[in-house]
Structure formats: C-alpha cells, structure tokens
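Remember, it's 1-based here, ligands and their atoms both numbered in the order they're listed.
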Amino acid sequence: MSHQFHQISAPCLITRRSLLRATALGSTAAFAAVMLPSFGSRAQSAGNHINPLAIPPQNEGRSDNGTMVFDLELQRGTSTFFDQIKTPTLGINGSFLGPTLRMRAGNKVRLNVKNSIGGTSTLHWHGMHLPAKMDGGPHQTIDHGTTWSPEFGVKQKAATVWYHSHQLHGTASQVWQGLAGMIIIDDEESDTLHLPRDDGVDDVPIVLQDRRFSLDGRMDYEASRHDTMLGMIGNISMTNGTVAPYFEAKSRLIRLRILNGSNASIYNLGFNDDRSFLQVASDGGFLEAPFKTNHLVLAPGERAEIVVDAGGGNNFMLSSRASSPGMGMMRGGRGMMGGMMGGGSPAFDFLEIRPAQTLNESAEVPSKLADIDWIQPQTAAKTRQFVMNMTMGPMMMMGFGNSHTINDKAMKMSRVDEVVKLGDTEIWEIGNNSPLPHPFHIHNVQFQILNRNGHAPHAGERGRKDTVLVNPGEIVRIIAKFEDYADSDKPFMYHCHILEHEDAGMMGQFTVV
Ligand code: C2O
Ligand code: CU
Ligand code: CU
C-alpha cells in the first residue's frame with residue numbers, strides 16, 4: 001500500500017497559518033475562520049483539501065494452530081497533522097490510531113495487546129459478541145509493560161466494528177490522543193454480495209474525528225467543566241488521522257465504512273452537492289436492503305456503510321452540518337436548553353472525493369442484501385428501564401454530587417446494576433431526561449430498535465445496532481437476546497458513548513448468568 005498512515009510527513013500542506021487561524025480565535029470563532037463555508041455553499045472550499053487520505057494498514061493476523069493472532073502495541077509517538085508541526089499522540093502499532101483488523105466469522109482470534117504508553121490502559125472490542133472477561137472494558141486493565149491476550153471465537157455477521165481504550169475515567173483522554181482503530185468482520189454473505197471490496201480502492205475505512213489544537217500544534221486533552229458537561233468538541237476535523245484529506249476515486253461506486261470516532265460530536269453527514277447514496281449496513285452488519293438517502297446522522301460510536309456513486313465528473317465533499325447540542329436531530333426539533341447552553345458541533349468538511357477522468361465500472365448494488373432474524377417482542381422475558389440524566393445546577397458546577405447518571409446512579413466498578421439470564425430475550429427502554437442527546441451503547445450484543453417514542457425507526461436504523469442515539473425526552477425501546485457467554489463475576493458495560501459523559505459516570509454494568 002502506497003499510503004503512509006502514521007507519518008503523514010512529506011507534503012502535509014495545511015499550513016501553520018491555517019492552524020493559527022483556527023486556534024488563535026478560541027473555539028467558536030475558530031470554527032468560522034477555518035471550517036465555515038456553510039453546508040451547500042462550499043464550492044470554494046473544495047480546493048483546500050490537499051492531503052491524500054491515509055488508509056490504515058490492514059492486519060489479517062497470523063495463524064497459530066488455527067487461531068488468528070493479532071499483535072498490537074499501545075504506544076506513544078508524534079504525528080504530523082500540520083506542515084512541520086509535531087503533535088504528541090498515542091497509537092496502536094503506530095503513532096496515531098491503529099491498523100484495521102480483519103477477522104472472519106467462525107475463526108478463533110487471539111489479540112496480544114502490549115501496553116507501552118507509560119500508564120494503565122485497556123482495549124475494548126466495540127460491537128463484538130464475546131465473553132465478558134475478553135471484552136476489554138474497565139475491568140481488563142493492562143499495566144504499562146505488560147501484555148493482555150484475550151481469545152475468543154468470532155460469532156457474528158459480517159460488520160464494521162471497532163476497538164478503543166476503555167480506561168475507567170480515562171477513556172475520553174486516551175481515545176482523544178489516538179487509541180482507536182477499526183475491525184472488519186467478513187463472512188460468506190459479505191464474500192458473495194456484489195459490493196465494492198477492494199480495500200483502500202473502492203472499499204474505504206473512514207474514521208471521522210474532531211480535535212482541538214493549541215497554537216503550538218498540541219492536541220492535549222484538557223477538558224473544562226463545560227467540556228465534561230457537553231462533551232469535548234474540536235475545531236479541526238480529521239479522517240483516518242488526516243486533516244483536510246482528499247481521496248481519488250478510481251471506480252464509479254465507492255463503499256465508505258464510516259465510524260464516528262469522535263469523543264462527543266454527533267455528525268449530520270451528507271455530500272456538499274446533496275447527492276444521494278445507499279446505506280448498506282448499520283453497526284452490526286448489512287441492512288436487509290440498501291436505504292437510499294442524502295443524509296446520515298452518526299453519533300459517537302455508531303457506524304454505517306454507504307455506497308456512493310462518484311460519477312458526474314465533479315469533486316465532492318463528505319461534510320457534517322452544524323448542530324446545537326439540544327437539537328433532536330432525528331425529529332428535527334430544537335431543545336431550548338441546548339440553545340441556551342451554546343456549544344454543539346460546528347460544520348466540518350471531512351473528505352473530498354476526486355473522481356478520476358475515467359472511472360472503472362462497478363456492479364450495481366444488489367437490491368437484497370441480507371436476512372435479519374427479527375426478534376419478536378412477545379419472546380421477551382423481561383423489560384428493563386434506563387434513564388440517562390445530567391445534573392446541571394450550581395451544585396454540579398461546584399463539583400458536588402453525581403453529574404452524569406443512569407437510573408440516578410453513577411458508574412461504580414464494585415456494583416453490578418443488572419443481572420440478565422443467559423438465553424433470555426429482553427426489551428430495554430432507554431429514556432433521556434436531560435437536555436442533551438446521548439448515544440446509548442450496550443456491550444456484547446447486537447440489538448434491534450423496536451421504536452422511538454412509539455414510532456418505528458427509519459430504514460437506516462432497521463438492522464443490527466449496538467449504539468443508539470436517544471434524544472432529549474425520547475424513549476427508545478430496543479430488543480436483544482443475551483446468548484452464549486455467562487459469567488457471574490465479570491460484567492459488561494452499558495453507557496453513553498459521549499466519552500466525557502461515560503467518564504463522568506453515565507455508565508452501568510450488567511452480568512449474564
Ligand atoms: Cu465503544 Cu463501552 O464502548
Ligand atoms: Cu462497546
Ligand atoms: Cu451522554
């Protein structure tokens with residue numbers, strides 16, 4: 001692969017001047033200076049994307065007696081996001097982010113995770129169905145200088161999932177600095193479906209993030225109390241760790257495996273020329289049929305695979321519209337508190353796609369993708385309720401009490417909140433009693449969304465999910481089957497995937513027994 005992932009050295013042409021412009025004015029003004037051109041009127045910004053998109057190296061593992069072994073090292077390094085500026089970062093087998101791990105359903109895998117960052121960390125396999133002690137959550141800490149080697153069978157459908165640090169109270173900072181990467185799971189279905197699958201050519205991993213840089217090019221994690229409350233939102237967007245990237249499309253149809261890898265930004269994605277695209281997969285794999293749309297809301301932790309037609313001759317930009325934090329994005333409403341508190345995500349230009357003069361022809365996307373075993377609500381043995389809440393009064397601002405809770409409790413390592421019976425199907429009703437949207441994530445299972453406030457989810461959410469955005473005042477009902485792995489000792493997590501909220505306590509634990 002000719003792409004350089006970890007040292008985007010040579011012509012990294014975002015200049016020091018543009019960084020200065022972005023940072024000197026402080027957060028809000030900086031968005032205007034660098035990120036602006038509003039959605040829909042961005043023709044002039046297309047020329048600013050001057051760095052070739054980095055494609056993370058793929059790691060398929062090595063076979064050891066039939067087990068696929070992945071050797072990973074959490075390490076410190078420096079990355080060149082801006083011309084001639086070295087930014088201290090964390091990465092996996094490199095200086096920022098990590099390789100794309102390629103796994104096959106039915107295989108047994110072992111991941112040797114060596115920690116060399118000089119402090120404690122963990123590595124969690126987000127979206128994977130596995131035993132709790134292999135999950136890499138806050139209970140599976142890896143001390144500096146040691147190696148943790150979880151082993152499990154890949155028992156799920158083809159999907160784009162991911163891995164990231166899950167250090168108790170330290171997830172936000174470690175992911176911000178770079179401890180995250182993608183996992184692609186293949187199976188017979190994905191082998192035979194006529195979808196683009198040439199990695200880095202017409203099948204491209206897309207890790208979307210935003211970061212806040214200081215004048216000297218550092219992106220240290222310094223969250224104010226305000227950031228803890230709203231989530232840490234940056235002023236510079238990056239795709240696969242590349243700032244202002246472009247991608248040259250050689251084929252007509254391009255499949256993007258998109259991960260919202262940000263700490264706290266809800267991206268409202270679309271192309272600047274409003275072209276439509278097909279969503280083919282959600283968090284846990286293929287939808288039943290492609291869903292044609294022109295915008296895609298992805299909250300932190302969520303993934304979607306889309307196929308876009310690069311034809312038409314013009315360059316076009318994958319962008320995110322600005323949002324205010326209290327905005328009910330699915331409903332198009334606007335929370336009053338959100339508006340009053342300010343913040344929210346600015347508009348971001350993520351990736352310019354430049355179609356080649358002549359594009360290789362691609363097979364049409366099949367109209368039928370996969371079968372989904374719909375879980376019937378009548379089969380549920382139990383319904384549980386979860387309410388996410390935030391305390392934002394003066395007591396919280398002074399640091400008293402639990403600011404971020406689920407069912408009025410802040411995360412406690414020694415307390416198991418819920419006990420689920422192995423083999424049971426359950427309905428979880430997830431409510432949001434706060435003025436901000438929260439993406440709720442459940443470890444170990446791929447669930448299905450039954451409804452939002454009684455209304456069926458839209459087609460892009462009708463599939464396997466592990467993370468779901470819950471808007472203020474909304475109740476999202478999901479259904480899941482808890483199969484295969486019982487352990488009365490080691491819990492799985494459920495939590496808000498805004499990492500600042502998770503770190504502040506909006507997380508709970510369940511065991512499967
Ligand atoms: Cu993406 Cu509990 O994690
Ligand atoms: Cu997870
Ligand atoms: Cu939250």
(request) Determine whether the aromatic ring centres of W428 and Y494 lie less than 6.0 Å apart. (result) yes
(message) Any N/O/S atom, side chain or main chain, of H126 closer to the Cu ion (ligand 2) than 2.8 Å?
(response) no
(message) Do the side chains of R212 and D227 get close enough for a salt bridge, i.e. N-O under 4.0 angstrom?
(response) yes
(message) Taking N, O or S atoms only and a limit of 2.8 Å, check whether H404 reaches the Cu ion (ligand 3).
(response) no
(request) Rounded to the nearest 10 degrees, what's the angle NE2 of H495 makes with NE2 of H166 at atom 2 (Cu) of ligand 1? Could you check? (result) 110°
(request) Using a strict 4.0 Å threshold on nitrogen-to-oxygen distance, state whether D283 and K465 make a salt bridge. (result) yes
(message) Which atom name would you report as the N, O or S atom of H124 nearest the Cu ion (ligand 2)?
(response) NE2
(message) Under a 3.5 Å cutoff, is there a donor and acceptor pairing between the side chains of S121 and Q174?
(response) yes
(request) Identify, by name, the N, O or S atom of H501 lying closest to the Cu ion (ligand 3). (result) ND1
(request) Determine whether the aromatic ring centres of H129 and Y485 lie less than 6.0 Å apart. (result) yes
(message) Test of geometry: compute the angle ND1(H438)-the Cu ion (ligand 3)-SG(C496) and round it to 10°.
(response) 130°
(request) Check each of V470, N451, I375, I442 against I478 using the side-chain contact (heavy atoms from CB on, under 4.5 Å) test, and report the only one that passes. (result) I442
(request) Please state whether the separation between the Cu ion (ligand 2) and some N/O/S atom of H166 is under 2.8 Å? (result) no
(message) Could you identify the N, O or S atom of H443 positioned closest to atom 2 (Cu) of ligand 1?
(response) NE2
